[in-house]
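One structure is given below, encoded as structure tokens.
Please read these numbers as outputs of a predicted model, since none were measured by experiment. Within every chain, numbering begins at 1; the chains are lettered A, B, ... in the order of the sequence lines, protein sequences first and strands thereafter.
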Number of protein chains: 2
Amino acid sequence: MTGDSTAARATETPAPVATGASDPEGDLGWHLGVMLRAYQSTVGVVVGEFPHATRGYQILGTVVRGQEPTQLALAARLGIDRTVMTYLIDDLVAAGLVERRQNPADRRARMIVATEQGSRAFEQLELRVRATEDRLLGALDAADRETFRALMARVACAVKDVDAQTDPCAVVTDVLGVEAR
Amino acid sequence: MTGDSTAARATETPAPVATGASDPEGDLGWHLGVMLRAYQSTVGVVVGEFPHATRGYQILGTVVRGQEPTQLALAARLGIDRTVMTYLIDDLVAAGLVERRQNPADRRARMIVATEQGSRAFEQLELRVRATEDRLLGALDAADRETFRALMARVACAVKDVDAQTDPCAVVTDVLGVEAR
DNA sequence: TATTGTTATACTCTATAACTATA
DNA sequence: TATAGTTATAGAGTATAACAATA
């Protein structure tokens, strides 16, 4: 539907093209929004069977990888309020995907670990999610896609560092090594 | 439900690094979330004087550039519900940044145009926003940053096309339904 | 006293539906 | 009948504060 809206633009302003920096290419915020909405409406559907869709998937993924085992660390990493994290974990536990365990080193903190079912479910879903992500990046060929993912990772990890919430994109090394081990 | 979940994945597993695809580098959703939160907490502060921060800024930018003059088109482009757009425009009008005008061709539709004040405010803010965005991409040198922005634009525009909400990233040339590219 | 997690409350944002005025 | 916009209401999501348990 190409609406030939005649006489759209009002009388005075003659040149809609704005100053140099004003090209849409530079609208990073808009690009981010578009991508996130697309992500939610595609990946979100794929992981829709999970308690909280993309967030449940991300939590489970972090847990399966053994990163950030405590609720607070999970919340910080995923940008979720700790009071919200309680509910999310509740639902993941109810679904049998993760478990709360006591940390002998710090009895205040709960360690979140994936159940067998949770690990399997995540493994299966992850492939589909990756495929969906790739389709999301369909405008790029394989090489550009990898470049994009790498640049994205660098940016996100640096940002994470700036925020100083938790460790940056440190590769997973050891789970319980926070205190013991 | 719970209870007899047998030894979920406890201390036995020494290698938390998961299967091939499971490296954090590939977690596009997490990267997107990190970036968006960083965007909101940096650019959002810069444009904090605007009625609705980043969204007000994005709306005003779209209007200043002469894209999507009607509220519905604005809403579709920015992924905002049309009932929400009413309030947002209300506040932008109250702030003297934009105006609602009658479209003589279709008296149902309102055309949103930027006021002088709005255009000036946006021009000034855009420079600061761009600078903030660049700081957000600080992990990348100038060349990588441009590459990233370009790839991002390609992805977002293709996604937009898939969603078929409105026209894709047509370069702004003319408001009157001239399609670029 | 500070921290982790939980709960309850309140607030913000968004979606749903109904209504108007135009087409 | 369908579309653009507005308004009102309800819902989901989120943050704030108070609390208990532990450090």
inquiry  = Taking only side-chain N and O atoms of T86(A), does any of them lie within less than 4.0 angstrom of OP1 or OP2 on dG5(C)?
reply    = no
key: Q102(B) side-chain N/O to dT22(C) phosphate OP1/OP2 under 4.0 Å   = no
Check the distance between [N]'s [atom2] and [X]'s [atom1] and give it to me in whole angstrom.
X       : N       : atom1 : atom2 : result
M85(B)  : dA15(C) : CE    : C1'   : 15 Å
Q40(A)  : dG13(D) : CD    : C1'   : 13 Å
L88(A)  : dT7(C)  : CG    : P     : 14 Å
E99(A)  : dG5(C)  : CD    : P     : 16 Å
R100(B) : dA21(C) : CZ    : C1'   : 15 Å
I89(B)  : dT7(D)  : CD1   : P     : 13 Å
R110(B) : dT22(C) : CZ    : C1'   : 10 Å
Q71(B)  : dT3(D)  : CD    : P     : 17 Å

task = Report the nucleotide, chosen from dT7(D), dC13(C), dT4(C), that has the shortest atom-to-atom distance to any side-chain atom of R55(B).
result =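 Shortest atom-to-atom distance from the side chain points to dC13(C).
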Lys/Arg-Asp/Glu bridge criterion (N-O < 4.0 Å) met for [X], [Y]:
X       : Y       : result
E126(A) : R65(A)  : yes
D27(B)  : R130(A) : no
R55(A)  : D91(A)  : no
D144(B) : R149(B) : no

message = For R107(A), I'd like to know if atom CZ has over 12 heavy atoms of other residues, nucleotides or ligands within 6.0 Å.
response =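 No, because the 6.0 Å sphere around CZ of R107(A) holds 12 heavy atoms or fewer from other groups.
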message = Checking the side chain of T54(A) only, and the main-chain atoms of Q40(A) only, is there a donor and an acceptor separated by less than 3.5 Å?
response =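 Here the side-chain-to-backbone pair does not exist.
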Under 3.5 Å side-chain donor-acceptor pair for Q58(A) and R77(A) = no
request  = For each nucleotide in nucleotides 15-23 of chain D, reading 5' to 3', give B when a protein heavy atom comes within less than 4.0 Å of its base, S when such contact involves only the sugar-phosphate, and - otherwise.
outcome  = BBB---BBS
